[in-house]
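To start, the structure under review is shown below, and the notes come after it.
Convention: sequence-line order gives letters A, B, ...; per-chain numbering from 1.
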2 protein chains.
Amino acid sequence: MGSSSKSRTARSTAPQASAGRVLGRATRQRRALLAIIAREARPLSPYELHRLTHREIPSISQSTVYRNLRALEQAGEICAVSIPGQTSRYERAKVADRHRHHFHCRECDRVYDLKGCPGGLRRLLPRGFTLEEHTIVLSGKCEACVN
Amino acid sequence: MGSSSKSRTARSTAPQASAGRVLGRATRQRRALLAIIAREARPLSPYELHRLTHREIPSISQSTVYRNLRALEQAGEICAVSIPGQTSRYERAKVADRHRHHFHCRECDRVYDLKGCPGGLRRLLPRGFTLEEHTIVLSGKCEACVN
DNA sequence: TTACGTGCAAAGCGTTTGCAAGAGG
DNA sequence: CCTCTTGCAAACGCTTTGCACGTAA
């Protein structure tokens with residue numbers, strides 16, 4: 001894609017990872033959050049993450065979860081997964097950076113990573129438009145919910 | 001908050017006309033709203049819709065816009081377009097029922113209808129999963145914002 | 001020690017709802 | 001007329017923020 005950032009805000013920091021900012025202190029809360037996201041196979045919502053971290057650190061607040069999600073995202077450690085009509089879920093950046101798409105189960109409301117990507121999206125583009133990114137979300141029932 | 005709407009079954013209604021409920025009274029507000037949605041080429045947000053209807057009916061409230069959007073959607077007159085990380089936009093059902101995908105301009109934040117659909121999505125599906133629907137959102141810059 | 005991170009409470013923001021007044025059919 | 005719809009304000013759910021204290025480095 002673009003080799004130089006346009007006239008927008010220059011985010012010139014570490015060129016290697018995805019995002020710019022550097023992660024700050026490794027607090028107990030931040031470590032717990034990251035550990036849970038790392039061990040989980042599917043993207044988790046802030047609500048789920050607060051519930052899970054709360055088991056280890058009962059005093060953890062929702063704001064801490066939100067603040068850390070933002071910090072971790074900016075640091076390129078995690079990545080937000082947006083499902084239409086749903087609140088964002090978060091997963092490890094290593095997983096997300098492989099350019100994943102997602103499946104949303106309408107039964108259990110869980111989100112799963114998918115492999116692969118159908119090409120040929122550029123031909124959907126009207127003339128004069130530029131394509132920077134795309135999102136594909138399949139929905140239906142996951143294996144556990146098909147009966 | 002875990003769950004959203006689920007366990008719907010009667011999805012197999014008429015492919016084009018009303019989705020269920022019957023539309024009630026044709027109030028000034030409702031007519032204005034529908035007229036604006038009908039004449040506009042792209043899906044509009046509740047905010048935009050309130051702003052536009054407000055020009056014709058200065059007394060119109062936001063709640064009226066929201067209530068009518070819901071009523072019109074249930075009546076099958078309009079259709080919600082969900083863009084990840086964005087509030088829903090609304091467009092005429094006749095347009096939406098043609099199975100459209102959408103383009104979101106990151107510059108001006110507008111949403112456009114696209115034509116066509118890339119096939120081959122079913123091969124992204126894990127074994128045992130069933131596919132009921134899919135959403136594709138391209139993003140970048142629209143013609144007006146490429147500079 | 002000294003910023004950065006935390007918990008708490010309050011504020012924001014978009015959306016929904018209760019209620020009494022208003023208007024469509 | 002009777003009921004549906006409206007406008008207002010308050011409630012709501014999720015997310016962000018101000019503040020003083022706590023804690024990693």
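- The ring of A:His134 has its center closer than 6.0 angstrom to the ring center of A:His99.
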Output a table of donor-acceptor pairs, distance under 3.5 Å, between side-chain atoms of residues 37-44 of chain B and any protein atom two or more places apart or on a different chain; print 'none' if there are none.
from	atom 1	to	atom 2	distance (Å)
B:Arg42	NH1	B:Glu48	OE2	3.4
B:Arg42	NH2	B:Glu48	OE2	3.1

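- Remark: A:Phe103 pairs with B:Phe129 by the ring-ring contact (aromatic ring centres under 6.0 Å, His included) rule, at least two apart or across chains.
- Nucleotide C:dG14 holds its P atom 15 Å from the CG atom of B:Leu49, rounded to whole Å.
- If you take CZ of B:Arg30 and P of C:dA23, they are 16 Å apart, rounded to a whole angstrom.
- For B:His50, the ring-ring contact (aromatic ring centres under 6.0 Å, His included) test picks out B:His54, with sequence neighbours left out.
- Residue pairs meeting the ring pair (Phe, Tyr, Trp, His ring centres under 6.0 Å) criterion with at least one member in residues 68-87 of chain A, sequence neighbours excluded, do not occur.
- Taking atom CG on B:Asn68 and atom P on D:dT5, their separation rounds to 8 Å, with Å as the unit.
- Atom-to-atom, OH of B:Tyr47 to C1' of C:dG12 comes out at 16 Å; the value is rounded to the nearest Å.
- Annotation: proximity of residues 53-61 of chain A to DNA chain C (heavy atom, distance under 4.0 Å) is found for A:Ser59, A:Ile60, A:Ser61, numbered in ascending order.
- The nearest whole Å value for the distance from the NE2 atom in A:His50 to the P atom in C:dT6 is 12 Å.
- Residues passing the salt bridge (charged side-chain N to carboxylate O under 4.0 Å, His left out) test with B:Glu132 are A:Arg106, A:Lys141, sequence neighbours excluded.
- The separation between A:Leu33 atom CG and C:dG5 atom C1' is 13 Å, rounded to whole Å.
- At whole-Å resolution of the value, CD in A:Gln29 and C1' in C:dT6 are 6 Å apart.
- Classification of B:Arg89 and B:Asp113 as a salt-bridged pair fails, no side-chain N sitting under 4.0 Å from a carboxylate O.
- The side chain to side chain contact (heavy atoms under 4.5 Å, CB included) test applied to B:Cys108 returns B:Cys105, B:Arg110, B:Tyr112, B:Cys142, B:Cys145, not counting sequence neighbours.
- Taking the side chain to side chain contact (heavy atoms under 4.5 Å, CB included) definition, one finds that A:Ile83 meets it with A:Val81, A:Gln86, A:His102, A:His104, A:Val111, A:Val137, sequence neighbours left out.
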Atom pairs, N/O to N/O, protein against nucleotides 18-21 of chain D, distance under 3.5 Å?
from	atom 1	to	atom 2	distance (Å)
D:dG18	O6	A:Arg67	NH1	3.2

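- Among residues two or more places apart in sequence or in another chain, the side chain to side chain contact (heavy atoms under 4.5 Å, CB included) test is passed with A:Ile57 by A:Arg28, A:Gln29, A:Ala32, A:Ser59, A:Ile60.
- In this view, B:Thr64 and B:Ser61 satisfy the side-chain hydrogen bond (donor to acceptor under 3.5 Å, both in side chains) rule, not counting sequence neighbours.
- Between the CG atom of A:Leu69 and the C1' atom of C:dG5 there is a distance of 15 Å, given to the nearest Å.
- For B:Arg70 and C:dT17, the shortest distance from a side-chain N or O to OP1 or OP2 is below 4.0 Å.
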Can you name the atoms? Protein N/O to nucleotides 23-25 of chain D N/O, anything below 3.5 Å, with the distance.
from	atom 1	to	atom 2	distance (Å)
D:dA25	OP1	A:Ala26	N	3.3

